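Just so it is clear, the structure is predicted and the values come from calculations on it, not from any experiment.
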Amino acid sequence: QVLLRESGGASVQPGGSLRLSCVSSGFSVDHFPIGWFRQAPGKEREVVSCLSSSDGSTYYSDSVKGRFTITRHDTGRTVYLQMNNLKPEDTATYYCATDFESKCATVGTTPWYAWDYWGKGTPVTVSP
């Protein structure tokens with residue numbers, strides 16, 4: 001059974017940092033990508049970042065490039081999203097996801113609902 005569980009969301013001030021964690025089970029992160037998505041109130045879910053361990057590729061949306069970093073723990077099952085210089089517009093529920101047919105190379109141009117497996121999300125609030 002594929003399971004994903006996010007943690008690390010919190011309330012922070014603008015300019016602050018958070019590290020989100022995504023713990024996976026039931027599949028190999030070696031072979032399938034992990035994507036981080038977010039959904040702000042009243043808005044559609046959007047991709048933030050993606051990591052493909054099979055070829056080492058990563059993806060960042062323009063809105064987070066240079067501020068967020070996606071990495072994988074050495075033991076393999078946990079993927080992190082380090083978020084620095086947080087802005088109020090980063091406020092959202094953050095989800096990690098995987099899909100056995102999607103790729104990080106095309107995550108920016110494919111709909112979020114193409115991804116089959118999702119965690120329940122962790123909320124991030126950025127406000128003064």
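- One finds the CG atom of L4 at 5.5 Å from the CD1 atom of I34 (value rounded to the nearest 0.5 Å).
- Linking ILVMFWY residues whenever their side-chain heavy atoms come closer than 4.5 Å, directly or via other members, leaves F68 and V107 in distinct clusters.
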- Starting from the C-alpha separation in whole Å, work towards a yes-or-no answer on side-chain contact (heavy atoms from CB on, under 4.5 Å) for V48 and I70. CA-CA 10 Å; V48 173; I70 190 169; over 6 Å; no
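- The distance from the OH atom of Y94 to the CE atom of M83 is 5.0 Å, given to the nearest 0.5 Å.
- Here disulfide (SG to SG under 2.5 Å) pairs that include residues 77-128, with residues two or more places apart or in two chains, are C22-C96, C50-C104.
- Residues S49 and S61 fail the side-chain proximity criterion, which asks for heavy atoms closer than 4.5 Å.
- Note on residues 22-32: pairs passing salt bridge (Lys or Arg N to Asp or Glu O under 4.0 Å), not counting sequence neighbours, are D30-R72.
- Interatomic distance, T71 OG1 to Q82 CD, rounded to the nearest 0.5 Å: 8.0 Å.
- Using a 4.5 Å heavy-atom threshold, the side chains of L51 and Y59 count as separate.
- Within the structure, the side chain to side chain donor-acceptor pair (under 3.5 Å) test picks out the following pairs touching residues 3-17 (sequence neighbours left out): S17-N84.
- No side-chain donor-acceptor contact under 3.5 Å links S102 to the backbone of D99.
- Hydrophobic clustering (side-chain heavy atoms under 4.5 Å, transitive across Ile, Leu, Val, Met, Phe, Trp, Tyr) groups W36 together with V12.
- Annotation: side chain of L81 is not in contact with side chain of T69 (no heavy-atom distance under 4.5 Å).
- With sequence neighbours excluded, no residue forms a side chain to side chain donor-acceptor pair (under 3.5 Å) with T58.
- Under the 4.5 Å side-chain heavy-atom criterion for grouping Ile, Leu, Val, Met, Phe, Trp and Tyr, V79 is connected to Y60 within one hydrophobic cluster.
- Rounded to the nearest 0.5 angstrom, F32 CZ and S53 OG are separated by 12.0 Å.
- Of the possible donor and acceptor atoms, one in the side chain of T91 sits under 3.5 Å from a partner among the backbone N and O of V126.
- Here T98 contributes atom OG1 and L3 contributes atom CG; the two are 12.0 Å apart, rounded to the nearest 0.5 Å.
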- Task: Could you give me the CA-CA distance, side-chain angles and deciding distance for Y95 and F37, then say whether ring pair (Phe, Tyr, Trp, His ring centres under 6.0 Å) is met?
- Result: CA-CA 5 Å; Y95 301 88; F37 297 74; 8.6 Å; no
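- The cationic atom of R19 (NZ for Lys, CZ for Arg) lies less than 6.0 Å from the six-membered ring centre of Y80 and within 45° of the ring axis.
- Listed by first and then second residue, the salt bridge (Lys or Arg N to Asp or Glu O under 4.0 Å) pairs involving residues 77-91 are R38-D90, R67-D90 (not counting sequence neighbours).
- Under the side chain to side chain donor-acceptor pair (under 3.5 Å) criterion, the residue pairs touching residues 112-128 are E44-W112, with sequence neighbours excluded.
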